[in-house]
Each structure stands twice: as C-alpha cells, then as structure tokens.
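A, B, ... follow the sequence lines: proteins, then strands. Residue 1 opens every chain. Just so it is clear, the model here is predicted, and its values are computed rather than measured.
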Protein chains: 2
Amino acid sequence: MDTRTALLDSAETACRQRGFDGFSYSDMAKDVGIAKPSVHHHFPLKADLALAILERYSDNFHQSLKNISESNQSAGAKLSAYVQLYRNALKGGTCVCLCVAYSAGRASLSDDVVSKLNRFHDFSIDWLEIVFRNASHDHSISHVADPRSEAAATLALMEGAQLVARAASDLVRFDQTVSTLLSRISP
Amino acid sequence: MDTRTALLDSAETACRQRGFDGFSYSDMAKDVGIAKPSVHHHFPLKADLALAILERYSDNFHQSLKNISESNQSAGAKLSAYVQLYRNALKGGTCVCLCVAYSAGRASLSDDVVSKLNRFHDFSIDWLEIVFRNASHDHSISHVADPRSEAAATLALMEGAQLVARAASDLVRFDQTVSTLLSRISP
DNA sequence: GTCTATAGCTTGATAGAC
DNA sequence: GTCTATCAAGCTATAGAC
C-alpha cells in the first residue's frame, strides 16, 4: 500500500473516532511509521488533508449507493441496505461516519470542505428521495408522506442514531432507533 | 451575574459552536474579562468544567420538559413543543445542543461525563415514550408504532436534524427534516 | 477570588540535508 | 520521498503574591 493511502486510512479512522481536532500529524506519522514532517509532503496543510479525506470518502459512498441501487429490486430493500451501510460505519460503536464527524466539527473546516459536505448531504437526500418516490409505486414501504421530506428525515435519523449509539458505544442503540423505520418495509 | 455563571455561559456557547476541544480557558477568560489562571479557581480541571456544563444543561432541560408537559394538553402538542425546543437550541444554525456536541466529542470526555450523557439520552427517550404512549389514546399523533422505538427515533431525528442544519448553517434544513414528523400531529 | 509568571507539553508547519 | 532539527504558538495546569 502506498504511503498516501495509509495516511488517509489513519486520518479517516482517527477523525471518525475522535473528531477532526482529535488527531494530529504526529498520530498519523506514528500509525504509518514515518516521521512527522514527511506527512506534510503528502498533505502540506491540515486543510488539504480534510479535503482529501472527504473526497475519497465521498467517492466510496457514491459507489456504495450505486451498488445498492443495482443489487436490490424494491425500494424497501434499497432502504434496508442503506440503513445497514450506516450501521456498518459505526464499527461496533467506536466510530461515526465522516459526515457526522465533519458536521459536528464544522467550525474547524474550511469553506470549500463545508460546501462539499453539504453537497454530500444533498446527494444522499436526492438518492433517498428517489427510493421513497419508487416506494409509493411498488408499495414496499408503508405510509410514505412527501418523498423529499421523508428523505431528509431518513438521513437525519441515520446521523442521529449514530450519535446516540456512539455516545453509548452500543450498537443496540442504533438498532432500537431505526426499528420503526425498518418495520415500515414490507417483507 | 457571578463569575462562575458567566464562565459557564461562555463555555457552553463555545462548546456548542465549536466542540469541547474547540475552545480554551484562554477564550473563556477573554470572554468574561478575567485572567486565564482565574478560570482554574472555578474549574480546576477541564474535566470539572465538562461536568458542570452538562449538569446545568441537564437541569435546565429537565425543567423545560416539565414545563412542556404542564402547559400542553395533547400528546401531539407536547411533541410539537419538544421539536421547537431543539429548533431554538440551534440558534439560527450556529449551534447544536450540548448532547450533540458531547456525543460527537465523546473521546475527549471522562467516563462519568459520558455516563451522565447517556442518562440524559435515556431521560429524553423516557419522556418521549410516555408522549407516544398517550398519543395512542388521544389519537393526536397518527399511526404510532411501538412507543419506545418511536421515542428513540424521535430523539435521533432531532440530533440528526441539528447536525445537518449546523453543517449548512441553515434552519430551513431543520424544518425540512422534521416536517414529516410534524405532519403526523393532528391540529 | 484574582493576579503575574511560568512550567511542560503538543500542535501545525518550515528549512534544508540526503 | 524521507529524514533531523527547529520554530512560534497554542494548550492545560501550577506556584505563589496580593
């Protein structure tokens, strides 16, 4: 594995565990086994690092949603897979997803990172809106109200469920939080 | 106003804007107009400060829920007031509530603060559970599923809605997120 | 209860050799 | 691309005078 990728892995994990202000170039250097100033060769400023982490994360997430769309037929099955994605991102209650970490640490981020973060949110809501719109045709999710609002609520539910589960370091909290949503999905 | 209260005000606001690692004793000292070491007289360690902020916040929140319970008749009206509480806590999109800030910054908090945070979450869920349980009698909220799960989902929805709105610094995001929930309340 | 002074450490970032 | 050496600034925290 190349050094840049190893550094990004280290930084993303640390950021999702402890927040963007909760890890340093020194931590990354120790993790990867190089000297601290060498990290600056790959990411001159921490703002560069913030952007690189988000861009890679964003690309992976987009790919995940594409895979979910392709490998699941009904809207309900797609929604269920989406919830699983956020459940897995918790890594047993030790992490939150990058969006939760960045949203909470918004004040330490540059304007372009914040705007990319908001575009990430929009992308997720757009995808969910289509799912809920399809659900009102295939009836795989019960009593769907306005698809756009349902989509926004679902994204917030995922982020909030992660926060509560992270606070307790307990996946059961996540499961309890999403159970009403999942119960609306037809088998 | 006494110095301790002024310091708590400064710290709570800063924490909700920038996270617990995002402000320092120096910031508080400047805010209140005293020297930095004087802050240590009131809160020797930053861990003491973390606890004091949460305890005061918790007491205020409990009082707010009590007021909501007393001044609203139907379950739907109580839920609507609860949502407003979280909307106001956003302060126009500049802040999140303390629980969101603490949950995201969990790694920097001591064990007793984390356990108090989890008790705060439980208290909120308990209160909401009663609201949803009453709603299945007074029919002021439509299609209520399991009250405990609805309660957990509602807390997560509030925290997630705050995160998304904070990321965008835009209250409209909050309103869009909670609109499906509010539309379930009978007029 | 507030002050000045300071300790001891970590941070992000740079200079310059190899 | 990685290193050693270093910087200025920030942090939490303490000592001791008033």
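- Taking 4.0 angstrom as the limit, A/S38 places none of its side-chain polar atoms (N or O) nearer than this to OP1 or OP2 of D/dG1.
- Using a 4.0 Å cut-off between a side-chain N of Lys or Arg and a carboxylate O of Asp or Glu, B/D112 and B/R119 do not qualify as a salt bridge.
- Nucleic acid contact class of B/S24 (heavy atoms, under 4.0 Å, all strands): sugar-phosphate only.
- B/C99 has its side chain within reach of B/L117: a pair of non-hydrogen atoms, C-beta onward, lies under 4.5 Å apart.
- Judged by distance alone, the side chain of B/S136 and the main-chain N or O of B/R133 form a donor-acceptor pair under 3.5 Å.
- By the side-chain hydrogen bond (donor to acceptor under 3.5 Å, both in side chains) test, A/D21 pairs with A/S108, sequence neighbours left out.
- Among the nucleotides D/dC11, C/dT11, D/dG1, the one closest to the side chain of A/H41 is D/dG1.
- Residue A/S26 places none of its side-chain N or O atoms closer than 4.0 Å to OP1 or OP2 of C/dT10.
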Got a list of side-chain donor-acceptor pairs under 3.5 Å for residues 151-168 of chain B, not counting sequence neighbours?
unit_1, atom_1, unit_2, atom_2, d
B/T154, OG1, B/E150, O, 2.7
B/E159, OE2, B/H121, NE2, 3.0
B/Q162, OE1, B/C97, N, 2.7
B/Q162, NE2, B/Y86, O, 2.9
B/R166, NE, B/T94, O, 3.4
B/R166, NH1, B/G93, O, 3.3
B/R166, NH2, B/Q17, O, 3.1

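- For the segment residues 6-20 of chain A, no residue has any heavy atom less than 4.0 angstrom from an atom of DNA chain C.
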Nucleotide by nucleotide, 5' to 3', does protein get under 4.0 Å of the base (B), only the sugar-phosphate (S), or neither (-) in nucleotides 13-18 of chain D, counting heavy atoms? BB----
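- Taking atom CG of B/D21 as the reference point, atom P of C/dT11 lies 12 Å away to the nearest angstrom.
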Quick one: side chains of residues 30-41 of chain B, donor-acceptor pairs under 3.5 Å with protein atoms, not counting sequence neighbours, listed by atom name and distance.
unit_1, atom_1, unit_2, atom_2, d
B/D31, OD2, B/S10, OG, 2.9
B/S38, OG, B/A35, O, 3.4
B/H40, ND1, B/P44, O, 2.8

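- In this structure, B/H139 has no ring-ring contact (aromatic ring centres under 6.0 Å, His included) partners at least two apart in sequence or on a different chain.
- Between A/T3 and the phosphate of D/dG1, there is no side-chain N or O to OP1/OP2 separation shorter than 4.0 Å.
- Atom CD1 of B/I34 and atom C1' of C/dT4 are 14 Å apart (whole Å).
- Between the side chain of A/S80 and the backbone N or O of A/G76 there is no donor-acceptor pair closer than 3.5 Å.
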